[in-house]
Asker: 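This is the structure I have questions about; it appears just below.
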Amino acid sequence: MSHRASITTKAALIAHIDIVRRALDDAILMTRADAWNERADGSSTRTVLLAHIEWWERRGSYEIGVMKSGGTPHRTAESLDQLNARIDRESAKREAAEVITSEAGAWWELRTLVLSLSEAELFDERAFPALEGESLQQLVQQESSAHWADHIKHFG
């Protein structure tokens, strides 16, 4: 669903993530209030899954901010599975309404940062050495549209 190869401009990237975001927003809105604490993916509830999405959106914003200021984002020694398990444990007691609001804020923060980037910052694979040859637009899609596509089926 990410269509990375066909996205070559900031306008196209924003249009793509906005379209995918509308689908996620619709799925969130269609989720019954009493279904947020039901297990939807293994042992994770819908609330935990949305908090997980929020965490990765905030991580994307953090990484962009650090790299734009010339730094290198901190990398954890945890494996991806260990990190995701920790994120889920830390989110387990959060209330659905708070997570829904907080995740929407995380998304808008990430989107606003993307809008502030130049075409070169987004698409030049040499712009940010910390990305080791990957373009920033790939990171943006990874932390937004591609990630949402992994979880959208759990809502609605």
Side-chain angles (χ1 to χ4, degrees), residues 1-68 73 80-81 83-125 127-128 131 134-156:
M1 190 172 227
S2 65
H3 309 294
R4 289 183 185 153
S6 64
I7 297 177
T8 58
T9 67
K10 180 165 68 171
L13 176 62
I14 292 295
H16 170 74
I17 60 179
D18 282 351
I19 287 168
V20 179
R21 182 61 200 203
R22 278 192 292 279
L24 178 63
D25 284 341
D26 288 347
I28 291 168
L29 286 171
M30 291 175 18
T31 302
R32 296 181 337 269
D34 64 343
W36 281 98
N37 291 319
E38 293 175 358
R39 298 196 188 296
D41 184 26
S43 63
S44 295
T45 65
R46 288 175 183 86
T47 301
V48 167
L49 287 172
L50 191 59
H52 167 90
I53 290 170
E54 172 196 2
W55 192 96
W56 284 102
E57 290 164 343
R58 290 197 190 284
R59 175 69 189 185
S61 294
Y62 159 76
E63 289 179 310
I64 292 168
V66 169
M67 288 186 291
K68 276 197 65 129
L80 181 58
D81 288 341
L83 176 58
N84 283 331
R86 179 173 55 85
I87 294 165
D88 293 354
R89 278 191 313 276
E90 290 171 356
S91 301
K93 295 197 186 290
R94 292 175 69 190
E95 295 293 324
E98 182 269 324
V99 170
I100 293 166
T101 300
S102 189
E103 185 279 329
W107 154 237
W108 280 105
E109 179 183 340
L110 180 59
R111 187 182 188 280
T112 300
L113 277 169
V114 172
L115 286 171
S116 76
L117 298 166
S118 70
E119 299 274 334
E121 288 172 319
L122 278 168
F123 296 99
D124 185 344
E125 290 143 353
F128 299 103
L131 293 176
E134 187 175 284
S135 71
L136 192 53
Q137 70 91 22
Q138 290 172 296
L139 178 136
V140 168
Q141 286 189 66
Q142 187 178 335
E143 305 305 4
S144 64
S145 58
H147 195 205
W148 302 331
D150 291 341
H151 299 294
I152 197 167
K153 64 186 174 268
H154 299 112
F155 302 98

Asker: Taking all heavy atoms of Arg46 and all of Ala40, pick out the closest pair and write down the distance.
Answerer: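 It is CG-CB, 3.7 Å.
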Asker: Measure up the His154 and His151 rings against each other and bin them: parallel (under 30°), tilted (30 to 60°), perpendicular (over 60°).
Answerer: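 The rings of His154 and His151 sit tilted, inter-plane angle from 30° to 60°.
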Asker: With rounding to the nearest 0.5 angstrom, report the CG to CG distance, Asp88 to Asp41.
Answerer: 9.0 Å
Asker: Apply side-chain contact (heavy atoms from CB on, under 4.5 Å) to the pair Glu119 and Thr9, showing each step before the final yes or no.
Answerer: CA-CA 7 Å; Glu119 299 274 334; Thr9 67; 3.9 Å; yes
Asker: Taking all non-hydrogen atoms of both residues into account, name the closest pair between Val48 and Ala92 and its distance.
Answerer: CG2-CA, 3.9 Å
Asker: Tell me whether Glu143 is salt-bridged to Arg59, with the criterion being a basic N under 4.0 Å from an acidic carboxylate O.
Answerer: no
Asker: Counting N and O atoms only, with roles assigned by atom type, does the side chain of Ser102 sit under 3.5 Å from a partner on the main chain of Val99, one being a donor and the other an acceptor?
Answerer: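 No; zero donor-acceptor contacts below 3.5 Å.
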Asker: Nearest 0.5 Å, please: how far is CG in Leu131 from CG in Leu136?
Answerer: 6.0 Å
Asker: In sequence, state the C-alpha distance, the side-chain angles, and the governing distance for Thr47 and Leu50, and then conclude on side-chain contact (heavy atoms from CB on, under 4.5 Å).
Answerer: CA-CA 5 Å; Thr47 301; Leu50 191 59; over 6 Å; no
Asker: Would you give the length of the straight line joining atom CG of Leu122 to atom CD1 of Ile64, rounded to the nearest 0.5 angstrom?
Answerer: 8.0 Å
Asker: Between the side chain of Ser91 and the main-chain N/O of Ile87, is any donor-acceptor distance below 3.5 Å?
Answerer: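 Between the backbone of Ile87 and the side chain of Ser91 there is a qualifying donor-acceptor contact (under 3.5 Å).
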Asker: Find the distance between NE2 (His16) and CD1 (Ile14) and round it off to the nearest 0.5 Å.
Answerer: 11.0 Å
Asker: Which pair of heavy atoms, one from Ser144 and one from Leu110, lies closest together, and at what distance?
Answerer: CB-CD2, 4.2 Å
Asker: I'd like to know if the side chain of Thr45 pairs up with that of Arg94 as donor and acceptor (distance under 3.5 Å, no hydrogens or angles considered).
Answerer: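 Distance-only check fails for Thr45 and Arg94.
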Asker: Under 3.5 Å, is there a donor-acceptor pair between the side chain of Lys93 and the main chain of Glu90?
Answerer: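 Side chain of Lys93 to backbone of Glu90: no pair is present.
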Asker: About how many Å separate CH2 of Trp55 and CD of Glu103, when rounded to the nearest 0.5 Å?
Answerer: 14.5 Å
Asker: Taking all non-hydrogen atoms of both residues, which atom of Ile17 and which atom of Trp107 are closest, and how far apart?
Answerer: CD1-CH2, 3.6 Å
Asker: Shortest non-hydrogen contact from Ser135 to Glu125?
Answerer: N-CG, 3.7 Å
Asker: Can you measure from CG (Asp25) to CH2 (Trp148) and round to the nearest 0.5 angstrom?
Answerer: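 Separation between the atoms: 8.0 Å.
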Asker: Name all residues meeting the side chain to side chain contact (heavy atoms under 4.5 Å, CB included) criterion together with Leu80; count only those two or more places apart in sequence or in a different chain, and write none if there are none.
Answerer: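 With neighbours one apart ignored, the set is Trp56, Asn84.
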Asker: Does the side chain of Ser44 come under 3.5 Å of the side chain of His52 through a donor N or O and an acceptor N or O?
Answerer: no
Asker: Taking only Lys NZ, Arg NE, NH1 and NH2, and the carboxylate oxygens of Asp or Glu, determine whether Lys10 and Glu121 approach each other closer than 4.0 Å.
Answerer: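 Answer for the salt bridge query: no.
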Asker: Determine the sole option in Asp18, Leu24, Val20 for which the side-chain contact (heavy atoms from CB on, under 4.5 Å) test with Arg22 is passed.
Answerer: Asp18
Asker: By ring pair (Phe, Tyr, Trp, His ring centres under 6.0 Å), which residues pair with Trp36, not counting sequence neighbours?
Answerer: Phe155
Asker: Crowded around Glu95 CD? As in, over 12 foreign heavy atoms under 6.0 Å?
Answerer: no
Asker: Determine whether the side chains of Gln142 and Gln138 contain a donor N or O and an acceptor N or O closer than 3.5 Å.
Answerer: no
Asker: Applying side-chain contact (heavy atoms from CB on, under 4.5 Å) to Phe128 and Lys68, what does each step give before you reach the verdict?
Answerer: CA-CA 8 Å; Phe128 299 103; Lys68 276 197 65 129; 4.2 Å; yes
Asker: For a side-chain contact (heavy atoms from CB on, under 4.5 Å) check, start with the C-alpha distance between Gln141 and Leu13, then their side-chain angles and the critical distance, and finish with the verdict.
Answerer: CA-CA 8 Å; Gln141 286 189 66; Leu13 176 62; 3.7 Å; yes
Asker: What closest approach, in Å, do Ala106 and Glu57 show between heavy atoms, and which atom pair accounts for it?
Answerer: CB-OE1, 3.6 Å
